[in-house]
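Provided herewith is a single structure, encoded as structure tokens, for subsequent inquiry.
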Amino acid sequence: MGFNLRTGLVFVLICYVVSEGISQEPTIDIQSGYQVSIRPFKGELLLDGRPDESFWMEADSVTHFWLKSPRLEPEAKPATIVRLVYDSDNLYLAAWCVETDPVNVQTLRRDVDYFRGDGLGIVLDPINKHTYGYFFGSSPFGTQIDGIILGIGKDVSTSWDGTFYTQTQRTDWGWTLEMAIPLRTLRFDSENKTWGVQFVRNVITRNEVQTWTPVPLQFGSLDLNFTGQLIWEEAPSSRITNVSVIPYLLAGTQKEPNAEKPVSNAFQGGIDARIGLGSALNLDLTLNPDFSQVEIDEQPVNLTRFNILLPERRTFFLENTDVFSEFAMNTIRPFFSRRIGLDDNGGTVPILYGARLSGNVSKDTRIGILNMQTGSSPSAAAQNYSAVSVNQQVFSRSRIAALVTNRQAFTDGQFEKAEYGRTAGLEGNYRVPSGKLEIWGSMHASFKPDISGEQVAWTTGIANNGKRFKGNINYSGAGRNYYADMGFVQRIENYDSSRDTVIRLGYHQLNNDMSWTTFPALSSSRFNRHWLQAINSVILNPDGSLNESLHSLTYNFFFKDRRYVKIWSRLEQINLLFPTSFVLDGDPLPADNYTFLQGGAFFDTDSRKPWYFLVGGSGGQFYNGRILSGEAGVTYRVMPYGSFGLRLNYNHLDFPENYGRAEILNMTGRLDITFTRNVFWTSFIQYNTQREIFNINSRFQWRFAPLSDLFLVYTDSYDTPGQFRDRVRTLVLKLNYWWTI
């Protein structure tokens with residue numbers, strides 16, 4: 001009876017999601033109504049932030065912007081004017097941004113907190129297929145942001161860096177901008193004279209976002225589906241040399257008291273190369289890469305039974321990352337680049353060399369081919385990692401994709417035939433032209449020596465993305481023998497604390513996530529919107545018995561002045577199959593059925609102001625005990641030159657009898673100083689009693705030329721059970737130079 005009721009509810013939800021998606025499916029040809037021409041200019045252009053050359057007045061103008069957020073209205077104020085011209089080497093943008101209030105810019109650091117301050121940017125879709133584009137933006141102080149817009153309906157990925165130039169001037173009526181984007185930075189088809197384009201302006205003093213074309217509230221302002229049309233008088237030539245060589249030199253010292261050799265020095269070098277192949281394909285090569293300048297991982301408190309997904313920060317793996325990483329879902333990833341060159345604890349494994357070919361081979365086909373070779377480490381043999389991905393666009397906004405991965409041990413110059421882990425899979429994604437209705441499905445299988453049966457992972461679902469109602473239903477799972485040696489799988493490995501062993505167990509999961517957003521009709525309202533969200537998840541064991549269920553309800557209040565309040569409750573039921581420990585000084589919790597209820601609230605203040613605060617608290621049952629949690633944070637900014645932030649997270653666990661108790665504290669602090677647009681200093685500290693570590697990471701960066709840097713990086717970590725014991729300390733000086741041929 002319960003199964004029939006659950007099936008009926010799922011059927012009703014699917015019908016509602018589909019009907020909502022179809023009923024809200026207007027057909028709008030935005031590009032036919034929003035077009036701007038770009039012509040070559042005659043004369044000389046001085047990039048000084050003062051667009052006073054005569055040819056600017058002759059260029060086609062964009063003058064009417066929509067208010068995109070917090071509500072959708074025509075004729076946004078204050079006024080904005082944008083004009084474009086080009087020559088054989090660059091695309092140039094000039095903008096006049098009226099603003100009578102003082103501008104608000106959080107920092108001078110590139111790509112950081114851009115959307116929390118004033119600024120203007122351009123979205124470019126050179127292929128004009130709504131699947132892959134670029135974003136370039138500037139603040140009134142010339143602070144730059146750039147990135148790739150990956151996939152369909154995605155936000156910008158600022159991990160990609162391209163060469164472009166900005167200069168600004170601030171006046172008593174607002175500010176002006178001149179931007180130069182080298183054509184060699186872009187991938188485009190020289191036969192295509194029509195690009196997709198969008199202009200986006202942040203007016204943060206009013207907490208507003210403006211766009212040239214209208215973008216519905218439920219979609220991001222950079223969504224490629226809502227671009228206008230950029231019409232070139234003559235298509236730009238793609239026959240531009242596009243080869244960049246990035247060598248580096250490094251000198252460093254490391255002290256590790258418990259190592260066989262407590263003090264070691266390093267002098268090394270390496271080289272990267274980026275080669276443009278044709279109009280939209282890129283070849284990346286690396287030899288002996290080093291990522292010492294990348295900030296250390298922030299280790300969050302984990303009170304679940306499974307590992308959590310930490311983000312990739314290494315630049316080499318981030319460009320075109322969606323070609324490999326946008327498969328399956330967050331809890332089942334057949335490809336996850338952190339498995340290459342990093343161990344399970346985040347320690348480095350030397351990468352010897354690698355190559356990656358990625359990009360468009362046609363307007364509708366994107367590929368990714370990757371091969372990386374690592375060296376051996378004390379705990380593992382050398383490994384070779386390979387991945388091949390093909391993404392084929394079908395219809396207007398849908399895709400079919402395939403992925404194959406291979407991890408294989410490599411010893412004494414040869415592959416070990418019996419030591420490998422492979423996956424292969426297919427995915428399909430259908431999305432209606434507006435993006436409001438989406439249906440997807442995927443299936444991936446893994447292959448390892450002497451393992452057969454239960455080797456498949458799958459996911460399928462349907463989603464509606466309406467203005468007010470958003471909802472998705474997803475069915476996913478994996479067999480116990482699904483291994484992703486180059487990926488991430490969260491739930492299969494179950495740790496048995498009493499026997500100190502890992503037991504693999506497959507699962508089935510049915511999940512739905514629904515939300516309802518209301519927008520106050522009166523302009524006098526204190527709120528921008530209210531957002532009610534309900535999440536229901538049921539996880540079953542392979543025999544159909546309950547493993548875990550979760551039901552949560554969250555109410556969110558978004559104020560006009562950027563304050564934010566969240567109130568939530570959560571009910572969980574867990575059939576704990578194996579004894580599990582959450583504290584160090586108690587016995588493992590016994591295998592049993594547990595039902596527990598929790599609730600909490602969170603509040604943060606106006607992030608535009610120099611002082612910014614957040615506070616939250618929660619409590620309730622936790623298995624057979626209780627939990628009390630709290631968090632607080634404060635940030636002080638001297639805008640745009642620096643900020644200091646401190647954040648505390650506290651958890652008190654109290655179990656009955658001999659199961660123990662624990663107090664877990666996680667403290668993070670960050671000091672960020674931007675002396676100029678090219679000189680930065682960042683220091684990060686973390687104290688985590690759950691992992692018993694204290695970390696310090698301090699980094700000085702001087703960008704002495706475009707994308708060329710001098711780094712001085714100091715890291716220090718301590719073990720903290722009872723007292724601080726020095727674990728490892730390093731000091732590194734690194735120089736890299738971006739040389740474009």
Side-chain angles (χ1 to χ4, degrees), residues 297 299-312 325 327-340 342-347 349 379-380 383 385 405 407 409 419-423 425 442-459 476-511 537-550 572-584 588-592 594 623 690-691:
D297 288 318
Q299 300 289 342
V301 172
N302 183 10
L303 296 177
T304 73
R305 295 171 290 145
F306 305 102
N307 292 332
I308 57 178
L309 191 70
L310 295 175
E312 175 63 88
S325 63
F327 284 85
M329 54 192 297
N330 284 339
T331 56
I332 308 174
R333 290 293 189 200
F335 179 89
F336 181 45
S337 59
R338 279 182 64 100
R339 298 297 296 270
I340 304 172
L342 291 174
D343 60 27
D344 292 338
N345 296 317
V349 176
S379 58
Q383 302 288 330
Y385 297 88
T405 70
R407 188 276 313 159
E419 178 51 47
Y420 64 81
R422 296 165 183 160
T423 65
S442 70
M443 184 167 290
H444 296 265
S446 69
F447 307 91
K448 291 179 78 69
D450 303 321
I451 292 178
S452 62
E454 301 182 61
Q455 300 163 251
V456 175
W458 65 90
T459 178
S476 62
R480 65 183 177 90
N481 287 328
Y482 179 76
Y483 289 83
D485 288 13
M486 288 182 64
F488 174 83
V489 181
Q490 189 174 61
R491 297 197 60 92
I492 291 179
E493 293 187 345
N494 298 262
Y495 181 66
D496 186 336
S497 296
S498 62
R499 293 184 291 171
D500 190 24
T501 187
V502 172
I503 299 171
R504 297 182 64 86
L505 184 68
Y507 69 94
H508 300 251
Q509 180 172 0
L510 182 64
N511 182 84
S537 176
V538 177
I539 300 169
L540 302 177
N541 297 316
D543 62 3
S545 61
L546 180 68
N547 180 288
E548 180 178 337
S549 69
L550 178 147
E572 291 188 65
Q573 183 180 356
I574 294 178
N575 178 17
L576 194 63
L577 299 177
F578 311 102
T580 301
S581 292
F582 292 96
V583 300
L584 296 176
L589 301 185
D592 202 349
Y594 298 90
Y623 291 85
Q690 184 183 48
R691 295 179 60 89

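All heavy atoms count here, side chains included; hydrogens, waters and symmetry mates do not.
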| Are L577 and I503 close enough that some pair of their side-chain heavy atoms sits under 4.5 Å apart? |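 Answer no - side chains too far apart.
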| said: Working to the nearest 0.5 angstrom, can you tell me the gap between T580 OG1 and D496 CG? | reply: 7.5 Å
| message | Quick one, S337 and L342 - any side-chain contact, counting heavy atoms below 4.5 Å? | response | no
| said: Please give me the minimum heavy-atom distance between A484 and T423, naming the atom from each residue. | reply: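 In terms of heavy atoms, the two residues are closest at CA-CG2, 4.3 Å.
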| query | So do F306 and N494 actually touch side chain to side chain, heavy atoms under 4.5 Å? | reply | yes
| remark: Of all heavy-atom pairs linking G506 and P542, the shortest is O-CD, 3.2 Å
| field | Electrostatic pair R305:E548 at N-O distance under 4.0 angstrom | value | yes
| task | For a side chain to side chain contact (heavy atoms under 4.5 Å, CB included) with I539, tell me which candidate from I574, L510, L546, N547 qualifies. | result |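 Of I574, L510, L546, N547, side chain to side chain contact (heavy atoms under 4.5 Å, CB included) with I539 is met by N547 alone.
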| message | When you measure from the side chain of E572 to the backbone of L550, do you find a donor-acceptor pair of N or O atoms at a distance under 3.5 Å? | response |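 Not confirmed, E572 side chain does not pair with L550 backbone.
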| field | Backbone N/O of Q299 and side chain of D297: donor-acceptor pair under 3.5 Å | value | no
| field | Where Y482 and I492 come nearest, the two heavy atoms and their spacing | value | O-CD1, 3.5 Å
| Without hydrogens or angle criteria, can the side chains of T459 and S442 be said to hold a donor-acceptor pair below 3.5 Å? |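 The answer is no; no qualifying pair exists.
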| query | Would you say the side chain of S545 lies within less than 4.5 Å of the side chain of L540, judging by non-hydrogen atoms? | reply | no
| message | With a 4.5 Å cut-off on side-chain heavy atoms, are N302 and Q690 touching? | response | yes
| Pairwise distance CD(E493) to CG(L505) - rounded to 0.5 angstrom | 11.5 Å
| request: Would you check if F488 and T331 make a side-chain contact, meaning some heavy-atom pair closer than 4.5 Å? | output: no
| request: Rounded to the nearest 0.5 Å, what's the gap from NE2 on H444 to CD on Q455? Could you check? | output: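 Result: 15.0 Å between the selected atoms.
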| query | Rounded to the nearest 0.5 Å, how far does CD1 of I340 lie from CZ of F335? | reply | 4.5 Å
| Is the Lys NZ or Arg CZ of R407 less than 6.0 Å from the centre of Y483's six-membered ring, within 45° of the axis? |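 No cation-pi geometry.
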| query | Just how far is it from atom CD of Q490 to atom CD1 of I332, taken to the nearest 0.5 Å? | reply | 9.5 Å
| said: Can you confirm whether D450 is buried at CG, in the sense that more than 12 heavy atoms of other residues, nucleotides or ligands lie under 6.0 Å from that atom? | reply: no
| remark: Smallest heavy-atom separation, S497 atom then S581 atom, equals OG-N, 3.2 Å
| message | side chain to side chain contact (heavy atoms under 4.5 Å, CB included) for M443 and V456? Distances and angles first, verdict last. | response | CA-CA 7 Å; M443 184 167 290; V456 175; 3.5 Å; yes
| Exercise: identify the closest heavy-atom pair between P311 and R338 |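 Result for this residue pair: O-NH1, 3.1 Å.
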| field | Beyond-backbone contact of D485 with Y420, side-chain heavy atoms, under 4.5 angstrom | value |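 With C-beta onward as the side chain, the pair stays apart.
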| query | Looking at residues at least two apart in the chain, or sitting in another chain, which of them share a ring-ring contact (aromatic ring centres under 6.0 Å, His included) with Y623? | reply |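 Testing Y623 for ring-ring contact (aromatic ring centres under 6.0 Å, His included), a comparison that skips the adjacent residues, returns F582, Y594, F596.
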| message | Could you check whether any side-chain heavy atom of N481 comes within less than 4.5 Å of a side-chain heavy atom of S452, counting everything from C-beta outward? | response | no
| query | Out of curiosity, Y495 OH to T501 OG1, how far, rounded to the nearest 0.5 Å? | reply |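 Output value for this atom pair is 8.5 Å.
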| Any chance CG of N307 has more than 12 other-residue heavy atoms, nucleotides or ligands included, within less than 6.0 Å? |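 Counting other residues, nucleotides and ligands, CG of N307 stays at 12 neighbours or fewer.
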| query | Counting distance only, does the side-chain N/O of R339 pair as donor-acceptor with the main-chain N or O of G487 below 3.5 Å? | reply | yes
| Shortest non-hydrogen separation from R333 to F327 and the atoms involved | NH1-O, 2.5 Å
